[in-house]
Amino acid sequence: MARYTRLTEPIALITLNNPPVNALSSAVRSGIVDSVSQALKDDQVKAVVFCGENRMFSGGADIKEFSGSMSGPPLVRMIHSIEASEKLMVAAIEGVALGGGLELALGCHYRVANTKARLGLPEVTLGFLPGAGGTQRLPRLTGITAALELITTGRQISAQEALQLGIVDQVTEGNAVQAAMELALSVIGQPLNPRRLSLRPPVWSADVDSVCEVALARVKQHSRGAMAPVACVQAVRAAAMLPYSKGMEKERQLMDTLFRSSQARALQYAFFAQRNAGKWSLPNGARWNNTKARDVQRVGVIGLGTMGRGIAVSLVKAGLSVVALESDAKQLESGKKAVTAMLQRDAQRRGVGSPLHLLTFALSFHQLKDVDLVIEAVFEDMNLKKRVFSDLCKVLRAGTLICTNTSGLNVDELAKVTDRQHLVVGMHFFAPAHVMKLLEVVYGSRSSPEAVAVAMALGKRIQKVCVAVGNCPGFVGNRMLKLYMDQSLYLLEEGATPEQVDQALEEFGFAMGIFKVADLSGLDVGWRVRKASGLIGPDIDPVNPSRWRLGQRYCPLPDMLCQQGRFGQKTGRGWYLYNSPGSKEAKPDPEILNFLEDYRLKYGITPQRISSQEVIERCAFSLANEGFRILEDGIAAGPEDIDVIYLFGYGWPRHRGGPMFYASQVGLSVVLEKMEHYHRIHPDVPSLEPSRLLRRLVAEGSPPIQQWRNHIKNLHSQL
Ligand SMILES: CC(C)(COP(=O)(O)OP(=O)(O)OC[C@H]1O[C@@H](n2cnc3c(N)ncnc32)[C@H](O)[C@@H]1OP(=O)(O)O)[C@@H](O)C(=O)NCCC(=O)NCCSC(=O)C[C@@H](O)CCCCCCCCCCCCC(=O)O
C-alpha cells in the first residue's frame, strides 16, 4: 500500500499505492510509517520523496473508513513525525493532492507539483474540516485570508495558483518526482526548522477579527445551516491567535463535534451516492459495465427556447458539434443571438477561445441528416413532440438516437411514432440547462441498453450528474415534486402564507422556498400542463372552482392566480410581489394575504396555525413517501439515485443527504407514524397514505439505507 524504493542517489522514494485515488487508508498509513522508519534507519538516505502510483498523489483520507471504527496509525501523528524528521521530506504532487493528501504534503519540508495537478482541502464538503493539521499549517503558509477562502469552500486550485499562494515551492511541466529529487539534492543539508510549518508562530495580524467576521458572515449566508463551514472559520482563526499545539487542540475539538454529526454522515452519503448514480442498471440486467456506448460527435437540438438554448450551450462547451434547429426564422434569429452571447460570455470568463465554429443554425430538418443524436426540446405538448419525432425519422440515418427533453411525458408513447423505438430515450435537463447539473436519462420499455449508455455517456461528457430512471408521469423528480407542491398548496388553504412555508423550507436548508421557485419558473407553465391533462376544463366554474378533481382533493389556488395574470417573476406578480416584471426580489404581497383569506372564507375553511415543523414534515415526508413508491415501482434503482436527483435538480440541502436519506435519519418509524397521522387528518389526500415499502421496511426493523435495495428486490418475491 506504500512502496519503498531506495534510489541510487541518497534518496528514498515512498509511493502511495491504493488505486484509484491513493486514499490514505489504514494500510497506506501503515505502509508510510514503515517506509519512513526504514528511510530513517538507512544512513545513506538523506532525503525522502513522497509520490503516488499512477501519477496521482492522493485524494486524501479514505472516506469509506469514516463509517466504521478507525484503526491504523493516526494521520495527524504520522504527518507530525514526517515533519519532525531529521531527514529532508519532499512531496512530488501529480494528479491531485486533496484533503489528507495535501495535509501530508504540508507536513513535508518542500512541495513540487506538476502543472496539471490540482490541490485543495475539500473536507468542508464532507461535513468536517481538514483535521490532520490542515487548518493550522495552511494559514501559516498562505496567510489567513487565502486559507479561509480555500478551507471554507473546499475549492480546488491549480498548481500555478498554489505556487502564487506559496503552497508549493516549484511547478514543473515534467515529471514531478524527477523535479522533487532534483530539488531535494539541491537543498540537502540546509536547516529544516524554517521549513517546519508547525514551528511558525501564529499568523496574527491586526485585522484578524474583522477578516474572520467577514468570512463568518459569508459562510453563514451560503451554508444554509451547514455547520462545517462555520467550524472551519473557527479553526483557521485559532491558527491566527494560538501557537500550533493549541491550534491543533482547537482543530481536534471542532473535528470531534463534526466528525460523527448527522450532517457529516449526510454529506459523505451524498459523495458516494453521486458516484453511484453513474453505475446505472436497468431492470433487464444491463448495466454501465456490461454495455458499450458508441461515440457521439454531432448532435441536433430541436427548439431554441430556454431549454434548447441551455442544452446547445452545454454541448458546444464540451466540444461537440451542434446543429440547432428552429421552426421559423424569427425564433431562430432570437435563439441564435442568445446562444451566441452565452457562449461568448462563457469563453471570455474562462479566458478561452470562442467555440462558435462548432455551432450551425438550421431551419430545415434535412440539416440534421448527419447527426449522431438528436435532442428534442420543443414545447411540452405530446402532439407537437410526436410530429417532430415522426418528421425526424424521415431524415435521420438509421442508427441515430432520438432523445426527448420532456419533463414528464410518456417516453414510450413518443417512441411509438418512430421507426426506432429502441433508440428513443428521455434526456430530462433542468432549467437553466447550461447551469443545472442534473440530467435524468429516462429509459422506456423498448429503449435499448446501448441507447441508455450513449445518453449517460453524453451527459457525463457535458459534465452533468446523470441518473437513469424509468418511464412514468414526471419520472422521478417531477413525480415527487407534484406531491411536495400539493402539500405546500394545502398548507396555504389550511392557514399558512407563502412566505411562512418558504421560510420553513429555507431554514431547513432549501436554496429557495417552493413558492419562490414557482414564481421563478412561471406559474403559467403548470397551468398549461393542468389544462392539457384535463384538470382544468370548460366545465370548471372560474369563480368558485371545485376543490375536487378526478376523484381527489385539488387546490385551485395557482389556477386562480394565473387567471389574474399573476405568472410570477415574469409578470412582476405571483405568490410574491416584485418591483417590476423580471425583477428577482420577492416581497410579501398583502393582496395575496387578502386573497387567501377570501378563499378560505368562500370555502368555509377555518384557518389553523401551521408550525414550521408541520411544513417540513408534510413536505419532506411526502417527498420520501413518494420516493418509496418510486422504488416499489422500479422507476429508480435505489434511494441514492432519488437523493442525487433532489440534491442536483431541486435544491435539497446537501447536508441533509436527500429526502430518502433524511427519512432514514429521522427514523422510518417516525416517518410512518407522521404519515399515518397526516393521512388520518386528511383522508382526502391519498398520497399521504404511507407507502407499502415504508411499512415493510419499518416492519423489518428499519434497516440502514444502504440495505434498502435488498428489501426492494424481495418486495415482489413470492418465496
Ligand atoms: C480524487 C477525485 C478528484 C477523483 O475524481 P474522479 O472523477 O477521477 O473519480 P471519482 O470521483 O469517480 O472517484 C474514483 C473512485 O475513488 C473513490 N474515492 C475518491 N476519493 C476517495 C477518498 N478520499 N476515499 C475513498 N474513496 C475515494 C470514489 O468513491 C470512486 O470510487 P468508485 O468505487 O465509485 O470507483 C475525487 O474522487 C474526489 O474529489 N475525491 C474526494 C476528495 C476528498 O474529499 N478528500 C478529502 C477526504 S477527507 C480527508 O482527507 C480528511 C483529512 O483532513 C484527515 C482527517 C483526519 C481524521 C482524523 C479523525 C479524527 C476523528 C475524531 C473524531 C472521533 C470521534 C469518535 O471517535 O467518535
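For ligands, and for the atoms within them, numbers begin at 1 and follow the listed sequence. When a residue number appears, it is its place in the shown sequence, counting from 1.
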Which N or O atoms of ligand 1 sit under 3.5 Å from a protein N or O, and how far apart is each pair?
| unit_1 | atom_1 | unit_2 | atom_2 | d |
| --- | --- | --- | --- | --- |
| ligand 1 | 11 (O) | R275 | NE | 2.6 |
| ligand 1 | 11 (O) | R275 | NH2 | 3.3 |
| ligand 1 | 23 (N) | G59 | O | 3.2 |
| ligand 1 | 23 (N) | A61 | O | 2.9 |
| ligand 1 | 24 (N) | A61 | O | 3.4 |
| ligand 1 | 24 (N) | I63 | N | 2.9 |
| ligand 1 | 33 (O) | K279 | NZ | 3.2 |
| ligand 1 | 34 (O) | K279 | NZ | 2.6 |
| ligand 1 | 45 (N) | G59 | O | 2.8 |
| ligand 1 | 50 (O) | A61 | N | 2.9 |
| ligand 1 | 50 (O) | G100 | N | 2.7 |
| ligand 1 | 53 (O) | E103 | OE1 | 2.6 |
| ligand 1 | 53 (O) | E123 | OE2 | 2.6 |
| ligand 1 | 53 (O) | G131 | N | 3.1 |
| ligand 1 | 68 (O) | R260 | NE | 3.0 |

Can a cation-pi geometry be assigned to R195 and Y110, taking NZ or CZ under 6.0 Å from the six-membered ring centre and within 45° of the ring axis? yes

Quick one: closest heavy-atom pair of A23 and V28, and the distance? O-CG2, 3.4 Å

Backbone N or O of L24 within a donor-acceptor pair of the N18 side chain at under 3.5 Å? no

Side-chain donor or acceptor of Q665 paired with backbone N/O of R656 under 3.5 Å: no

Solution key, residues 231-238 side-chain donor-acceptor pairs under 3.5 Å, sequence neighbours excluded:
| unit_1 | atom_1 | unit_2 | atom_2 | d |
| --- | --- | --- | --- | --- |
| R237 | NE | D209 | OD1 | 3.4 |
| R237 | NH2 | D209 | OD1 | 2.5 |

Report the C-alpha distance between E94 and K116 in whole Å, list the side-chain angles of each, state the deciding distance to 0.1 Å, and finish with yes or no for salt bridge (charged side-chain N to carboxylate O under 4.0 Å, His left out). CA-CA 7 Å; E94 304 207 300; K116 295 209 175 103; over 6 Å; no

